[in-house]
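Structure first, commentary second.
Just so it is clear, the structure is predicted and the values come from calculations on it, not from any experiment.
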Amino acid sequence: MSAATTARPKARKRAPANPDMTIEEIKELLAVFNESGVAELDVQRGDNRVRIKRSSGVTHEVIAPAPAPVATHNASNAAMHGGSYQIAPPSSGAEEPMASARPLVDENSEMVRSPIVGTFYDSASPGSPPFVKIGDRVDVGAVLCIIESMKLMNEIESEVAGTIVARLVENGRPVEYGEALFAVRPR
Amino acid sequence: MSAATTARPKARKRAPANPDMTIEEIKELLAVFNESGVAELDVQRGDNRVRIKRSSGVTHEVIAPAPAPVATHNASNAAMHGGSYQIAPPSSGAEEPMASARPLVDENSEMVRSPIVGTFYDSASPGSPPFVKIGDRVDVGAVLCIIESMKLMNEIESEVAGTIVARLVENGRPVEYGEALFAVRPR
Amino acid sequence: MFRKVLIANRGEIALRVICACKDLGIQTVAVYSEADRHSLHARFADEAICIGPAKSTRSYLDIPSVISAAEITDSEAIHPGYGFLSENSEFAEVCDACNVKFIGPTAAVIRRMGMKHEARRAMQEAGIPILPGSEGTLKSTEEGLEIAHSIGFPIMIKATAGGGGRGMRVVRDASEFGPMLAQAQNEAAAAFGCGDMYIEKLVERPRHIEFQVLADEHGNVEILGERECSIQRRHQKLIEESPSPAVSPELRRRIGDGLKVAMKAIGYTNAGTVEFLMDEDGSLSFMEVNARVQVEHPVTEFVTGVDLVKSQIRIAAGQPLSEVLPANIEMRGHAIECRINAEHPETFAPSPGRITGWNLPGGIGVRVDTAAHADCIVPPYYDSLIAKLITYGGDRTEAIARMRRALDLFIIEGIHSSIPLHQRILAHPEFVAGNLDTSFLARTKLACSK
Amino acid sequence: MFRKVLIANRGEIALRVICACKDLGIQTVAVYSEADRHSLHARFADEAICIGPAKSTRSYLDIPSVISAAEITDSEAIHPGYGFLSENSEFAEVCDACNVKFIGPTAAVIRRMGMKHEARRAMQEAGIPILPGSEGTLKSTEEGLEIAHSIGFPIMIKATAGGGGRGMRVVRDASEFGPMLAQAQNEAAAAFGCGDMYIEKLVERPRHIEFQVLADEHGNVEILGERECSIQRRHQKLIEESPSPAVSPELRRRIGDGLKVAMKAIGYTNAGTVEFLMDEDGSLSFMEVNARVQVEHPVTEFVTGVDLVKSQIRIAAGQPLSEVLPANIEMRGHAIECRINAEHPETFAPSPGRITGWNLPGGIGVRVDTAAHADCIVPPYYDSLIAKLITYGGDRTEAIARMRRALDLFIIEGIHSSIPLHQRILAHPEFVAGNLDTSFLARTKLACSK
């Protein structure tokens with residue numbers, strides 16, 4: 001299961017109405033500004049705003065749109081682990097759901113997500129050692145955990161070979177479809 | 001009555017969904033700004049807003065009109081004269097009402113707007129010649145027309161000295177508060 | 001029936017009247033100030049006329065502008081809504097003079113009902129119970145003090161032209177009487193241009209109960225039950241319901257019968273509301289007449305099935321009540337209204353601005369009257385009511401459950417609203433038990449009464 | 001009463017069930033597909049569980065996912081809404097096996113009602129009029145042709161497992177019978193995995209009339225009047241109303257009495273709808289039973305005052321009808337529903353996408369059931385119903401006037417909707433006169449029937 005196959009189950013941030021201004025566009029604005037010789041330029045586009053000021057040879061102030069609401073995503077993850085299932089506001093539209101887990105782990109790691117709704121178990125039976133621990137190296141097909149669904153124990157196997165860098169669900173917790181279980185850094 | 005005191009009474013076109021301002025447009029704005037000699041330029045178009053300031057220098061303030069809606073205004077005027085009073089849709093937000101008449105007349109002309117709701121008459125009595133014609137030069141206080149309201153004939157006087165460059169209402173038509181009656185180019 | 005009606009108002013009530021006109025097949029003319037250019041009442045009317053700048057004294061309250069708008073559009077009648085010109089007898093007179101039908105009582109009746117001591121006298125003559133107090137206006141401080149002593153403190157000093165709590169003082173002790181009277185007199189003179197005062201016995205913690213009147217132009221009067229409006233903050237109603245949990249069928253019938261006589265004697269026509277205070281013994285005493293449609297009229301519409309605004313228009317067009325109303329009106333079920341205001345739910349600070357997120361509750365038993373919508377601007381110039389949320393149920397319990405649910409599903413983002421306060425009130429055991437009076441918000445500490 | 005209910009559905013009906021649960025003080029669990037992550041049913045439920053990707057076979061139709069969601073949330077009951085798993089007897093069985101109460105009839109009854117020829121037989125046994133046709137399924141083409149001859153052409157060939165017009169053919173001439181039967185059989189086998197067919201006499205231009213049933217788990221059955229759903233396009237209902245302009249009180253009572261016997265004999269429980277065709281003589285013939293809550297249930301709620309979804313839940317919790325329903329249900333007034341679909345009003349092409357502008361109509365006599373809102377996305381994966389607009393009036397004329405007004409005030413921008421079509425239908429003299437049948441759209445040229 002690749003990180004791109006399933007989306008994050010819980011996102012709570014409202015999406016901006018306009019596409020975000022890119023760094024390229026801001027760069028271009030700065031170039032235009034420098035050529036122009038004006039003292040101040042203020043560009044607003046929906047939630048995005050850029051203000052450029054010249055004050056006799058001092059710096060240019062750039063208020064760029066916050067590109068990555070890191071704090072928000074952490075908060076969101078925390079809420080998820082707390083067992084809350086509250087959902088984003090109605091008007092939040094297209095989002096980049098995958099961005100959420102990024103701050104927790106390395107850029108290159110992939111999420112192992114639950115393919116079904118059920119209960120997460122980290123070992124074959126109560127008391128036995130967990131299938132995997134953080135830092136373990138796993139091969140494709142290695143059993144990572146069990147999701148119990150309708151009295152059936154479903155073994156969840158790794159689809160990548162790599163190292164477990166994070167575990168995201170406590171033993172015995174319910175999980176949704178698509179919920180992130182482990183982060184694996186491929187090798 | 002200065003052009004800035006009252007707003008356009010009738011707009012019927014749905015505001016465009018606000019295409020984002022492009023860098024090209026901002027560049028052009030900067031060029032216009034530099035040529036203009038004004039101190040500050042503030043352009044808002046829906047969610048988009050551009051403000052440009054010059055560090056030193058004084059002169060007067062310019063409200064930059066949205067350049068586009070020529071067609072809309074003509075349509076609007078036509079509809080208005082047809083007696084319809086339908087109004088803009090709810091979602092259309094901040095507009096620059098003053099921009100409306102600009103395309104009809106010279107940049108420097110000012111609108112004489114109706115200070116009351118009533119019926120427009122261009123002469124003192126049926127059959128007598130109109131108070132003013134296009135091309136006439138008028139002084140401050142010159143009677144331009146009559147607005148009948150509650151059986152009272154209210155003489156509307158020019159607040160600027162200049163030349164009548166446009167007349168916007170037909171004889172005997174109802175007018176709203178703030179509706180443009182004449183355009184006058186000040187001298 | 002009228003061919004075209006002008007609505008001299010804005011916001012939800014303007015839209016409410018437009019709906020009634022559409023339901024009757026009547027063309028509509030909206031008037032709007034520059035601040036309301038993009039408002040729904042201007043959009044949904046067949047014609048819309050800008051009548052002035054944002055300031056209401058120069059637009060919605062400006063009689064010549066409104067009348068001119070009626071004239072240039074050939075409107076045959078004007079519905080004034082509530083507030084603004086609705087109880088302005090001069091406006092009603094000008095309408096008459098201009099041959100435009102004013103949808104409401106006659107100018108003479110509006111004027112008489114506006115003089116509180118006159119209305120009081122008219123009710124007393126018709127056998128409606130009134131509070132002990134002065135007969136007519138006070139001639140002097142000495143006379144006032146004497147009357148106050150005779151009925152016993154605490155008493156209320158009230159301006160005959162009063163409204164909204166202005167020119168009103170509670171006096172608990174004879175020593176305060178002189179200064180309080182002077183204060184109230186000054187306030188009334190400044191606010192209403194008339195410093196005439198009268199005295200009434202103070203009812204502590206009263207329930208506010210009002211009866212809905214419909215009267216045609218042929219001498220027929222009907223009473224459509226009562227509403228309880230005890231949940232108030234600074235004399236501003238927040239929640240209303242019908243029927244009142246405190247009014248028995250017997251009391252309802254008795255007051256209703258009295259009011260039929262009284263309103264006929266007064267020569268009342270069209271819709272009106274007679275407000276009462278109920279003391280702790282359950283006795284009702286007349287307070288005042290509101291000579292217009294009331295903000296809270298939908299709760300009566302829900303329980304009686306009668307469209308009050310449509311009725312107003314049909315009455316003004318000369319139809320008799322026998323045509324306007326069904327043969328027998330029975331009150332069925334229970335209805336509650338929450339006034340959703342654009343204000344902070346704790347500080348009550350007004351909160352104008354752009355509504356960025358908006359979800360209206362719907363579903364069974366829910367009615368919403370509003371002119372707001374997603375991405376609209378609530379202007380700072382007018383009153384803060386942005387929506388009326390009304391729920392109906394087979395009984396009060398069901399109406400409350402549905403109101404709670406509807407409040408939960410009502411999303412307003414971008415500005416503050418009174419929804420959180422309404423949620424707290426609807427969840428309060430005293431409210432659920434129907435233990436209501438005008439001090440409810442203060443004594444339950446849900447909001448300071450000041 | 002249940003502590004917690006899971007709603008195995010999406011859109012307006014999921015929100016409708018959430019409202020009923022909130023009104024009963026029951027906690028709610030929503031399930032949603034990845035496409036519905038930001039939908040209101042997920043937002044307004046107390047808990048929400050993602051059960052799969054957008055494709056409904058892997059989410060809303062996936063029994064293990066739904067059951068697992070119920071298990072991990074400790075839900076005591078599941079409300080299936082309409083569509084999806086609502087008439088899936090296997091799902092009802094799995095619920096039973098997992099000790100989760102399925103809010104609907106028993107698995108056995110759902111299965112029997114799903115076999116159209118079985119339902120037909122059950123009704124016939126209870127004395128409900130059925131159309132002339134085959135007894136049971138056809139054994140051979142020859143037998144079918146013989147039956148067709150005996151009842152006379154034109155006839156309908158229908159699949160016993162059919163629905164939505166699939167596996168159905170009109171045969172007007174004996175020569176067409178063989179090929180048509182083969183076609184229909186193949187279609188049914190492909191669509192439902194069962195090629196069993198039966199024959200019924202064709203009613204040309206029928207009215208579609210259906211009766212609302214509520215039955216408790218103690219053998220009591222009540223009939224809550226009828227709905228007329230004749231305004232259809234390709235077997236999809238567009239407008240429904242109650243009562244039907246074509247059903248007399250006498251006919252209503254007679255069919256109602258028969259249905260009480262029939263549904264009791266069948267062992268029917270919870271809510272259900274019995275569909276009839278009315279021929280040009282005004283005779284009703286049984287067509288099929290829908291063993292679930294109907295899309296158009298709100299019109300019955302308006303005229304009876306009964307909350308059908310709340311009733312479903314209370315019945316499933318074991319309450320007898322004597323507690324669930326008021327002592328005597330009277331039908332009062334008239335209600336109409338327009339199904340507002342995200343589709344082009346002329347081509348009927350689906351129109352998913354972002355709703356950029358949205359104004360819900362409100363005011364007197366208007367109910368809206370919707371899960372859409374300003375700035376929401378209508379996903380392309382599910383059915384196109386985005387809102388149900390229901391109006392009520394003292395009579396049909398008032399309900400129509402209010403529906404026209406509400407349609408005028410309903411603004412949807414960014415996607416196409418069926419509102420313009422509804423406006424044309426509501427303005428059509430034949431509709432106003434109540435001259436309805438299932439060919440209405442075609443014969444009035446308001447939409448092609450194909």
Find the one option among S33(C), A70(C), G52(C) whose heavy-atom pairs under 4.5 Å with chain B are most numerous.
-> G52(C)
Check whether any side-chain heavy atom of P53(C) lies under 4.5 Å from a side-chain heavy atom of Y177(B), and answer yes or no.
-> yes
Closest heavy-atom pair and its distance - [X], [Y]:
{"X": "V175(B)", "Y": "I72(C)", "value": "O-CD1, 3.8 Å"}
{"X": "C50(C)", "Y": "E176(B)", "value": "N-OE2, 2.7 Å"}
{"X": "S149(B)", "Y": "P64(C)", "value": "OG-O, 4.1 Å"}

Straight-line distance of K151(B) NZ to E71(C) CD, nearest 0.5 Å = 4.0 Å
Are more than 12 heavy atoms, taken from residues, nucleotides or ligands other than [X], located less than 6.0 Å from that residue's [atom1] atom?
{"X": "R111(C)", "atom1": "CZ", "answer": "yes"}
{"X": "R187(B)", "atom1": "CZ", "answer": "yes"}
{"X": "Y82(C)", "atom1": "OH", "answer": "yes"}

Pull out the residues in residues 89-100 of chain C that come under 4.5 Å of chain B, heavy atom to heavy atom, sorted by number.
-> V94(C), C98(C)
